[in-house]
Visitor: 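Below you will find the structure I want to go over with you.
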Amino acid sequence: MITSLFHDWERRLASVSKDRVVRPFEWGDDWVTSNGHPGLDAEARVHRWVTEVMSDTRAFFDLPAFQDYQFEEASPLEQQRGEAGTLRFPSALVTPHEVNNTVYARWFPAARGGRPVSGGRAVLVMSQWNADPEGHVGLARLLARFGVSALRVSLPYHDRRMPAELTRADYIVSSNVARTVQVCRQAVLDARRAVAWLSSQGFERIGILGTSLGSCLAMLTTAHEPLIKAQALNHISPWFADVVWRGLSTRHVREGLEGHIQLPRLRELWRPISPFPYLDQVRHARSLLVYAKYDLTFPVDLSRFLVEEFRRRDVPHEVAVLPCGHYSTGMAPFKFLDAYVLIRFLRQNL
């Protein structure tokens with residue numbers, strides 16, 4: 001009965017969004033960096049590209065040296081509320097939408113004696129898919145209040161980075177196969193550049209926190225960023241494709257995919273942005289794996305599979321199971337429990 005109640009609640013919460021669009025299927029070979037393979041059709045070119053990417057993912061997520069950060073101080077009122085200002089820098093991956101190519105990250109430094117603390121420990125915060133500009137800002141403020149400076153980064157095609165043609169961040173998770181890979185790659189490169197800024201500010205104990213889509217992107221970042229010492233992954237799955245195919249929030253994306261590609265093929269082509277291939281690359285960091293018992297968006301069997309794989313491979317980790325669903329994680333009282341679990345882990349492991 002409890003399961004039925006939570007599932008009904010999840011469906012009601014998911015139905016609030018009325019602007020989901022079923023977009024046409026595309027292989028997205030125009031987003032492939034080296035697509036000059038004569039005689040290959042679009043699917044074969046994308047497959048060849050993915051195979052090349054997986055042969056050296058460190059090169060795929062490699063970050064050029066960079067120093068040109070800009071920081072704009074917050075207003076006095078915002079500073080009183082703990083926000084020091086906004087970090088801005090160009091994305092390392094240039095997309096066709098200029099507005100998406102500048103990264104914004106709001107900075108919430110921990111304070112001691114009423115003054116911001118430099119150095120020590122800091123966390124990069126990556127919010128969920130379609131988060132609004134205030135998404136996870138409250139969590140960032142709480143982290144800072146409990147002594148962990150927080151840098152809340154905007155994901156590609158979200159809030160200030162969203163083109164006028166969109167009302168949702170459709171281009172980071174979509175029925176365009178290669179574009180989805182490239183835009184998620186962009187998010188990882190943006191995160192690594194933000195981590196580099198934290199390091200340049202004297203922070204030596206750096207962590208990362210991601211929720212839902214942000215959780216997947218956070219783990220990809222940890223796998224390719226040695227500066228990260230702890231990762232808090234809030235809602236988890238081993239495979240990107242399976243969440244899109246089976247999840248409540250992405251039914252409209254599946255509609256665009258069906259009839260053109262099957263799940264096993266999609267899982268193969270989205271390997272570069274799936275956590276599973278990178279499990280052995282996160283051993284340098286402590287991991288918190290959080291999932292919700294009644295989740296319909298990140299199906300629970302997928303979350304449990306990933307937890308078991310961490311255990312089987314003896315990758316250092318902790319597990320927390322929330323007594324709610326995906327959407328209801330953001331509702332009282334579960335959002336307070338979730339915040340407690342995440343903040344406690346990061347304080348203890350940084």
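Sequence positions, counted from 1, serve as the residue numbers for this chain.
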Visitor: Would you please indicate yes or no on a ring centroid separation below 6.0 angstrom for Y294 and H326?
Guide: no

Visitor: When you look at CZ of F71, are more than 12 heavy atoms from neighbouring residues, nucleotides or ligands closer to it than 6.0 Å?
Guide: yes

Visitor: Do the rings of W27 and F25 sit parallel, tilted or perpendicular, given the 30° and 60° boundaries?
Guide: perpendicular

Visitor: Should V195 and R192 count as side-chain neighbours, where that means a heavy-atom distance under 4.5 Å?
Guide: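 A side-chain contact is absent here, since even the closest heavy-atom pair is not under 4.5 Å.
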
Visitor: Find out whether S328 and L13 are in side-chain contact, i.e. whether some heavy atom of one side chain is under 4.5 Å from a heavy atom of the other.
Guide: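 Yes - at least one pair of side-chain heavy atoms lies under 4.5 Å apart.
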
Visitor: Does the ring centre of W270 sit less than 6.0 Å away from the ring centre of F276?
Guide: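 Here the rings of W270 and F276 have centres that are no less than 6.0 Å from each other.
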
Visitor: Hey, does the side chain of R121 reach the backbone of R347 with a donor-acceptor pair shorter than 3.5 angstrom?
Guide: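 Such a contact is found between R121 side chain and R347 backbone.
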
Visitor: To the nearest 0.5 angstrom, please state how far the CD atom of Q201 sits from the OH atom of Y69.
Guide: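 Between Q201 CD and Y69 OH, I get 9.5 Å after rounding to 0.5 Å.
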
Visitor: Could you measure the distance from the CG atom of L233 to the CG atom of L209? Nearest 0.5 Å is fine.
Guide: 8.5 Å

Visitor: Judged by atom type as modelled, is there a donor-acceptor pair below 3.5 Å linking the side chain of H7 to the main-chain atoms of L5?
Guide: no

Visitor: Scan Q182, E165, R179 and name whichever one has a side chain to side chain donor-acceptor pair (under 3.5 Å) with Y171.
Guide: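 Per the side chain to side chain donor-acceptor pair (under 3.5 Å) rule, the option paired with Y171 is E165, out of Q182, E165, R179.
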
Visitor: Do P272 and R185 come close enough that some side-chain heavy atom pair is under 4.5 Å?
Guide: no

Visitor: For E308, look at atom CD and say whether over 12 heavy atoms of other residues, nucleotides or ligands are found less than 6.0 Å away.
Guide: yes

Visitor: Centroid separation under 6.0 Å, is that true for the rings of H224 and F60?
Guide: no

Visitor: For Q262, look at atom CD and say whether over 12 heavy atoms of other residues, nucleotides or ligands are found less than 6.0 Å away.
Guide: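 Atom CD in Q262 is not crowded, with 12 or fewer foreign heavy atoms closer than 6.0 Å.
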
Visitor: Below 4.5 Å, heavy atoms only, C-beta onward: do I343 and V148 meet side chain to side chain?
Guide: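 A side-chain contact is absent here, since even the closest heavy-atom pair is not under 4.5 Å.
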
Visitor: Regarding Q186 and S91, is there a side-chain donor-to-acceptor distance under 3.5 Å anywhere?
Guide: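 Looking only at side-chain atoms, S91 and Q186 do form a donor-acceptor pair, the distance falling under 3.5 Å.
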
Visitor: Over 60° means perpendicular and under 30° means parallel, so classify the ring planes of W239 and F305, tilted if in between.
Guide: tilted

Visitor: Is there a donor-acceptor pair under 3.5 Å between the side chain of R45 and the backbone N or O of L40?
Guide: yes

Visitor: Around atom CZ of R81, are there more than 12 heavy atoms of other residues, nucleotides or ligands at under 6.0 Å?
Guide: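 Counting neighbours around CZ of R81, 12 or fewer heavy atoms of other residues, nucleotides or ligands fall under 6.0 Å, so no.
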
Visitor: Centroid-to-centroid, F203 to W107, below 6.0 Å?
Guide: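 Centroid distance F203-W107: below 6.0 Å, so yes.
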
Visitor: Considering only heavy atoms from C-beta outward, does the side chain of R152 approach that of E83 to under 4.5 Å?
Guide: no

Visitor: For residues Y291 and H235, establish whether the separation of their ring centroids is below 6.0 Å.
Guide: no

Visitor: Heavy-atom distance under 4.5 Å between the side chains of I208 and V123, does that happen here?
Guide: no

Visitor: Kindly confirm or rule out a cation-pi arrangement of R160 over Y104, judged by NZ or CZ under 6.0 Å from the six-membered ring centre and within 45° of its axis?
Guide: yes

Visitor: So does D280 pair up with R283, basic N to acidic O under 4.0 Å?
Guide: yes

Visitor: Is there side-chain contact between T250 and W245, with heavy atoms separated by less than 4.5 Å?
Guide: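 No, every pair of side-chain atoms sits at 4.5 Å or beyond.
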
Visitor: Could you check L124 against I206 for side-chain contact (heavy atoms from CB on, under 4.5 Å), going step by step and ending with a plain yes or no?
Guide: CA-CA 8 Å; L124 183 69; I206 299 173; 5.8 Å; no

Visitor: Charged N to carboxylate O under 4.0 angstrom, E204 versus K229?
Guide: no

Visitor: Examine distances only and state if a side-chain atom of R161 and a backbone atom of T102 form a donor-acceptor pair shorter than 3.5 Å.
Guide: yes

Visitor: Between V99 and M162, is any pair of side-chain heavy atoms under 4.5 Å apart?
Guide: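 No; the side chains remain at least 4.5 Å from each other.
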
